[in-house]
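Structure record follows, encoded as structure tokens.
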Amino acid sequence: MDKNKADLWQGKWISSPKAIVSEEPEFTLEEMFSGQLKPQLPVDERLHPVVYFKKIFELTQPVKKANLEITAQGIYQAFINGRKVTEAVFTPDYTDYHDFLQYQTFDVRDQLIEGNNSLCVEVADGWYAGRISVQGGSCQFGNQLALLADLKIELQDGSKLVIGTDNTFSTGDGKHRYADIDIGEKQDLRLDDEWLKNNQDFSESAVEITADYSRLSAQEGPLVFRNQALSSQKIWEEEAELVVDFGQVIAGRVRLTAVFPQNKEVVIKHSEVLDENGKFFQNIIGRNKDQTDIFIGNGKEETVEPDFTFHGFRYVKISGLKRSNLTKIEAIPIYSNMSETGWIETSNSKINQLLSNIKWSQRGNMLSIPTDCPQRERVGWTGDMQVFAPASTFYLNTNQFIKRWLKNVRIDQRSNGEIIDYSPAPKDAAKSVEFTGSYSSAGWGDAIIMVPWTLYQRFDDKEALAENYDSMVKWFNFSKESAAGDKTDDRKYLWDTKFHYGDWMLPSLMMESGGNPMATSKATKELVATTFLKHSSELMAEISDLLGHDSTAYRQYADKVKAAFIKYYITEDSRLVSDYQGCYVLALAFDMVPAEKKPELVERLVQKIHDNGDCLDTGFLATPYLLDVLTDNGETELAAELFLQAKCPSWMYEVDQGATTIWETWSGIQPDGKVGQFSFNHYSMGCVLDWFVRKVIGMNSTKPGFKEIKIFPQVQVCDQLKSIFDSPNGLIKVEINYQNRFDLTVSLPEKMKAIICLPYKNEEMKKEIMHKYSMGVLNSASKCVEVAVEAGKYHFAY
Ligand code: BGC
């Protein structure tokens, strides 16, 4: 049961007069995107020291059991007798704090002793009060840092006591001179950590404050941890500064061992790319996106690391430190702790690099919440999660992580049913409407339907559907009404009434408009929004059936949307009125096209790809379906070609440019070498992993949660590949070798049933398969022979 009432806690919410965070001045998105910067005070004057709380207490006997239940307004780090109570960082995680604030429980028995003990907690601004909004606004959930804790102890004789936070705690500050989750952290190494260990209180007492208990709930889903450190690959000097390359773009921070010159500032700036001349280049712009940590030296050798901030980077530039004073520097990747479930290796090193880039972008953008990028906006854009959700289920078990995030999405849903653009929603999210004219967008808001559907498919988690169902219905009703507007004829089934991001970041339009993504919205939004309206109504029908609700109206509505789409958006000569690759892709993927016109629309899509030099020209929403649409419509070779394409824009272009994560825009580094001020760590275009798993490795779940699977390698992009997937129903192994002949080995876990589709290129091959594997042959479909198998290891070669 959640401790969500005051009387379930012995502790009271405590704070300190120094725990009030200053509000950043008003700054609009318009101002930000037009490159303006408001004058602002230096960071030292705007930010404040991390707030420390301390309690000394005596235990008269050894301890039998002890748990610390703890949370904060802000992010906290807790210590008992000088030792951290957990290696988790950024607790209590990022949620919609007004309505949903998690507390954590840690077993601390081994840390307590008979005699004097201390409980020390450091609270920093974090997401609660830090400068986290898209436009760098602070105090997004409140302006007062606070702490709530119960340390529950059972002594050897069975007697129990609780040390709850109250005004007998003392409060002060120390080496953390400021710490902002986005800007960075400043530590004064002249101030040591003695306070964590000694038996001395601070001179000031904590104050009890009134704060809400009803929003509290026990931790759901994974905590955030630091992971295996990456060592520096190269260090060089740029004038008097040191530049370090860690060889990998990550979200995290550096740990360095060095002699820190007495009273001098060592300043560490973070970046994801170098410029065209190989020099350090700050790729992230915007207010309060400094990504800078500072250490004031004490003249000694120290190993330091920030505690309450993280950055998106591969390179750091350090000033104030001589190379001879630097002993060791490492990069520490930080992400939410989810079990690793997928592994792939191919004979093509570029493919391996691309897959690694996707994995790292997933890690970097799954730090507490799923984000667009870990350095600039760092917000839970619904569209980005929608696009990447299927792919996200391969390398990591993301089920609980995504479900927790969806709870925020539900909390933020507006009373008219709108699913707002990102969740958790900082206060400034309300200002987006001044910029785009809307809180929501098709393809983004549809995350509330599409993401739980993915979780159900991949993890067999029906609860993900049930707990989001009401919100889905409300969003769907909003979409329908919004599309209808005041229209009375069948145009009311077209969603042409409001702002949508459309096929966002569509490459050719980005180029033509000089990098203005609003141009991609304008050109594609109506058609794209209408495809999502139909797709979501079909999913609503399926989900309603599964949960025992009436689905008739959803199916009828989907038919009407399709009819209107055909009537108004497909021309006589089988073109779309928005004649872009992505529009064809979505129209075909979501079955918006009459059967007789389908071949011509496929042909047009193929033509457009050829006209574009055999390069894709799809944005955020269409890219996940591009290669599937080609594969499913007989264009397997073109799908393989697009996947392997190395001209800009393409996945392999980024790999050739040295990418170690997936970029926000294909032309982050342009063919002429020019480097843009973009994010180089956006997982959205990594959605191609899902196609790769289903169509190249051929691993498909045909009954939710991989209860039954189909193995059908349809596209050849390399000579050999091996993959292991720890599905919710057990370990699946697939090995394919195309050298000389087709050679497939599949291992299936106990209780798993599978259909293995053996592809053939000609009738002779088909005959050979039928003859060799006659035992299990189910039927011979158009492109393959289907063989039914159950748990075990199988080898096919022909
Ligand atoms: C973000 C995206 C997001 C988009 C909304 C961008 O600035 O980085 O990933 O989905 O805005 O259109």
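Both counts, for ligands and for their atoms, begin at 1 and track the order of listing.
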Inset, instruction - Any pair with a residue in residues 663-691 that passes salt bridge (charged side-chain N to carboxylate O under 4.0 Å, His left out), sequence neighbours left out, goes on the list, sorted by first then second residue, please. - result: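 Every salt bridge (charged side-chain N to carboxylate O under 4.0 Å, His left out) pair that includes a residue of residues 663-691, provided the two are not neighbours, is Arg376-Glu664, Arg458-Asp690, Asp690-Arg694.
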Inset, instruction - Ignoring hydrogens and angles, state whether a donor on the side chain of Asn612 or Asp617 is under 3.5 Å from an acceptor on the partner side chain. - result: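 Not at all, the side chains of Asn612 and Asp617 share no donor-acceptor pair under 3.5 Å.
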Inset, instruction - Taking atom types as modelled, find out whether Glu377 and Thr371 have a side-chain donor-acceptor pair closer than 3.5 angstrom. - result: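 No - no donor-acceptor pair under 3.5 Å links their side chains.
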Inset, instruction - Kindly determine whether Glu467 and Lys407 satisfy salt bridge (charged side-chain N to carboxylate O under 4.0 Å, His left out), including the steps that lead there. - result: CA-CA 9 Å; Glu467 65 193 11; Lys407 183 164 171 180; over 6 Å; no
Going by the order shown, which atoms of ligand 1 are within less than 4.0 Å of some heavy atom of [X]?
| X | answer |
| --- | --- |
| Arg376 | 7 (O), 8 (O) |
| Tyr501 | 5 (C), 12 (O) |
| Asp372 | 1 (C), 8 (O), 9 (O) |
| Phe620 | 9 (O), 10 (O) |
| His682 | 1 (C), 2 (C), 8 (O), 9 (O) |
| Asp384 | 2 (C), 3 (C), 9 (O), 10 (O) |

Inset, instruction - May I ask you to check whether Trp495 and Phe532 place their ring centers less than 6.0 Å from one another? - result: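 Not under 6.0 Å, so no.
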Inset, instruction - Verify the ring-centre separation between Phe394 and Phe692: is it less than 6.0 angstrom? - result: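 Aromatic pair excluded; centres sit 6.0 Å or further apart.
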Inset, instruction - Do me a favour and list the nearest non-hydrogen protein atom to atom 4 (C) of ligand 1 with residue, atom name and distance? - result: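 In this structure, atom 4 (C) of ligand 1 has Trp504 NE1, 3.4 Å as its nearest protein heavy atom.
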Legend entry - atom 7 (O) of ligand 1: the protein heavy-atom neighbour that sits closest, reported with distance to 0.1 Å: Glu377 OE2, 2.8 Å
Legend entry - Carboxylate-amine/guanidinium proximity below 4.0 Å for Arg46 and Glu24: yes
Legend entry - Trp444 to ligand 1, any heavy atom closer than 4.0 Å: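 Per 4.0 Å heavy-atom rule, Trp444 contacts ligand 1.
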Inset, instruction - For ligand 1, find out whether one of its N or O atoms is nearer than 3.5 Å to an N or O atom of Trp381. - result: no
